[in-house]
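Basis for what follows: all heavy atoms, side chains included, without hydrogens, waters or symmetry-related copies. For reference, positions follow the sequence shown, starting with 1. No experiment lies behind these values; they were computed from the predicted model shown.
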Amino acid sequence: MTVNAPPLRHPIMPLVVWSRLLGVRVAALLFTCVAFSVAAHGAQLPHGGMASWCIFCWAFSFAATVLILLVELLGLQARIPVSWSNFPVTAACYAALFCLSASVIFPLYFLRDGGYYSQVRDHRVASTVFSCLAALAYILEVSLTRARPGEVAGYMATAPGLLKVCQTFVACIIFILVSDPVAYDGHAALQWCMAVYCICFILSMAVVVMCVGECTGWLPVPFPRFLTAFGLLAAVMYLTATIIWPIFQFDKRYSRGGARSRLITVAVLTGLNFLLYLADMAHTARLVFVSG
C-alpha cells in the first residue's frame with residue numbers, strides 16, 4: 001500500500017524585513033504627513049509666499065519617501081529607470097534640507113505674531129515640531145545611507161555628491177531672495193554674481209541628474225575630469241561673487257537700498273556656497289588624484 005507523504009510546508013517568509021533604515025523612513029513619512037496635514041487643516045495660512053514653500057517642502061519629502069518605500073518593499077528597483085544606489089540618498093538629502101528650511105521659515109513667519117486664536121497657534125506649533133522631527137529623521141537617513149570609507153557606493157552617496165545637493169539647494173534659496181524684489185539689476189557686477197549663481201546651479205544640477213539617471217557616460221570627457229574642472233571653475237567663480245556682492249550692495253557709492261536683511265542673507269549664502277564648492281573641489285581632487 002502506498003502512503004502519500006504529507007505535502008512539504010515551506011516556512012512563510014516575511015514580506016517586510018524591519019531595519020533601522022526602514023524605521024527611519026516610516027518615521028519621516030509620518031512626521032511630514034502630520035506637518036502638512038495639520039498646517040493645511042487648521043493653521044489658517046495665507047495663500048502663496050512662504051506658506052506655500054513650507055507646504056511644498058513637506059509634500060515633496062512625503063511623496064519622495066512614499067515612492068522609495070513602495071519601490072523597495074515591492075522589489076521594483078531593477079524596473080525603475082534611475083540609479084537606485086544614487087536616488088534614495090539624493091532624495092533624502094533634499095528632503096532633509098527642505099524640512100530644515102521649513103522648520104526655520106515656518107515659525108519665523110507664522111509664529112512671531114500673536115494676533116490669532118489659540119487653536120490656530122496650536123496647529124502652527126504642531127507643524128513646526130513635526131517639521132523639526134522630520135528634518136532630524138531625514139538627516140539620520142542620510143547618515144545611514146551615505147558611503148563609508150572604503151565602501152563601494154554611488155557617487156551621490158559620497159561627500160562630493162551630497163555637497164552637490166547642498167549647493168543646488170543654497171542656490172535655490174538665493175534665487176528666491178534676489179528675485180522678489182530684483183536685487184541684481186543695479187550694476188553689471190551684480191549681474192555677474194547672478195550669472196555665477198545660475199551657471200554653477202545648472203552644472204551642479206546636471207551632475208545630480210546624470211548620476212541619478214546613470215547618464216555620466218554621455219559626457220565627451222571622463223566624468224572624474226569633468227568634476228575636477230567644474231569644481232575648480234565653480235570655486236573661483238563663487239570667490240568672485242563672494243567679494244563682489246557685498247561691495248556693490250553695501251558700499252554707499254553703489255548701493256540702491258532695498259531689503260537689507262535679504263541682501264545680507266544673500267551675501268552669507270554666497271559665502272556658504274563658496275565654502276561648499278571649495279570642500280567639493282578638495283574631496284574630488286583627493287578621489288581623483290590620491291585614490292586614483
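- Formation of a donor-acceptor pair under 3.5 Å by the S127 side chain with backbone atoms of A35 is found in this model.
- Of the inter-residue distances, the one linking L70 atom CG with T65 atom OG1 reads 10.5 Å to the nearest 0.5 angstrom.
- When the side chains of ILVMFWY residues are joined at heavy-atom separations under 4.5 Å, either directly or via intervening members, I243 and I199 end up in a single hydrophobic cluster.
- Side-chain atoms of T168 come within 3.5 Å of backbone N or O of V165 as a donor-acceptor pair.
- In the hydrophobic cluster analysis, where Ile, Leu, Val, Met, Phe, Trp and Tyr join through side-chain heavy atoms closer than 4.5 angstrom, V142 is grouped apart from L100.
- Side-chain atoms of S85 and Y155 form no donor-acceptor pair, as typed in the model, at a separation below 3.5 Å.
- Residues I264 and F250 form a side-chain contact, since some pair of their non-hydrogen atoms from C-beta on lies under 4.5 Å apart.
- Side chains of L177 and L263 form no contact here, defined as non-hydrogen atoms less than 4.5 Å apart.
- Side chains of Q191 and D185: a donor-acceptor N/O pair is absent below 3.5 angstrom, by distance only.
- Of the possible polar contacts, one joining the N86 side chain to the M156 backbone as a donor-acceptor pair under 3.5 Å is found.
- Panel note: side chain S143, backbone I139; no donor-acceptor pair is recorded below 3.5 Å.
- What you find for Q249 and A183 is that their closest heavy atoms are NE2-O, 2.6 Å.
- W218 and F223 fall into different hydrophobic clusters, where Ile, Leu, Val, Met, Phe, Trp and Tyr residues are linked whenever their side-chain heavy atoms come under 4.5 Å apart, directly or through other members.
- Y138 and F98 have their aromatic ring centers separated by at least 6.0 angstrom.
- Residue P160 comes nearest to H283 through the heavy atom pair CG-CB, 3.6 Å, listed as atom of the first residue, atom of the second, then distance.
- Within the 3.5 Å criterion, the main-chain N or O of F274 finds no donor-acceptor partner in the side chain of Q167.
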Mind running side-chain hydrogen bond (donor to acceptor under 3.5 Å, both in side chains) on S61 and Y94 for me, showing each step along the way? CA-CA 8 Å; S61 304; Y94 273 118; over 6 Å; no
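- You'll find the side chain of L239 stays beyond 4.5 Å of the side chain of Y277, heavy atoms only.
- A continuous path of hydrophobic side-chain contacts links F56 to F175 [ILVMFWY only; heavy atoms under 4.5 Å].
- Taking SG of C193 as the reference point, atom OH of Y238 lies at 10.0 Å (rounded to 0.5 Å).
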Candidate pair M281 and T228, rule side chain to side chain contact (heavy atoms under 4.5 Å, CB included), full reasoning: CA-CA 7 Å; M281 182 185 66; T228 304; over 6 Å; no
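- Checked by atom type and distance alone, the side chain of S103 pairs as donor or acceptor with a backbone atom of S131 at under 3.5 Å.
- In this structure, CZ on R225 lies 15.0 Å from OG1 on T284, to the nearest 0.5 angstrom.
- A distance of 6.5 Å separates SG in C57 from CD1 in I105, rounded to the nearest 0.5 Å.
- Between L97 and C166, the closest side-chain pair of non-hydrogen atoms falls below 4.5 Å.
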Would L136 and F31 count as a side chain to side chain contact (heavy atoms under 4.5 Å, CB included) here? Give the steps. CA-CA 10 Å; L136 291 175; F31 294 152; over 6 Å; no
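- When side chains are defined from C-beta on, S204 counts as touching F230, because their heavy atoms get closer than 4.5 Å.
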Step-by-step side chain to side chain contact (heavy atoms under 4.5 Å, CB included) determination, T158 to L162: CA-CA 6 Å; T158 64; L162 296 175; over 6 Å; no
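- In the model, S179 has no side-chain atom that pairs as donor or acceptor with a side-chain atom of Y184 under 3.5 Å.
- One finds the CG atom of L144 at 11.5 Å from the CG atom of L22 (value rounded to the nearest 0.5 Å).
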Go through the steps to decide whether L269 and N273 satisfy the test side chain to side chain contact (heavy atoms under 4.5 Å, CB included), and finish with yes or no. CA-CA 6 Å; L269 292 178; N273 238 6; over 6 Å; no
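- Under the 4.5 Å side-chain criterion, counting only non-hydrogen atoms from C-beta, V196 is not in contact with I244.
- To the nearest 0.5 Å, atom NZ of residue K164 and atom OG1 of residue T90 are 12.0 Å apart.
- Side chain of T270 to main chain of A241: no donor-acceptor pair is present (N/O by atom type, distance under 3.5 Å, no hydrogens or angles).
- Open room surrounds CZ on F130; 12 or fewer heavy atoms of other groups in view lie less than 6.0 Å from it.
- Scanning all heavy atoms of the two residues, the minimum distance from C211 to S83 falls at O-CB, 3.6 Å.
- When all heavy atoms of E141 and P88 are compared, the pair lying nearest together is OE2-O, 4.3 Å.
- By the rule that hydrophobic residues join a cluster once side-chain heavy atoms approach within less than 4.5 Å of another member, L278 and F169 end up as members of one cluster.
- Closest approach of P107 and T128 over heavy atoms only: CG-CG2, 3.9 Å.
- Between F106 and W53, a ring centre-to-centre spacing not shorter than 6.0 Å is recorded.
- When all heavy atoms are compared, the tightest approach of I55 to A39 is CD1-CB, 3.9 Å.
- Below 30°, between 30° and 60°, or above 60°: for H41 and H123 the angle between ring planes is between 30° and 60°, a tilted geometry.
- Residues W245 and T240 are not in side-chain contact: their nearest non-hydrogen atoms beyond the backbone lie 4.5 Å or more apart.
- The side-chain heavy atoms of R25 and L21, taken from C-beta on, include a pair separated by under 4.5 Å.
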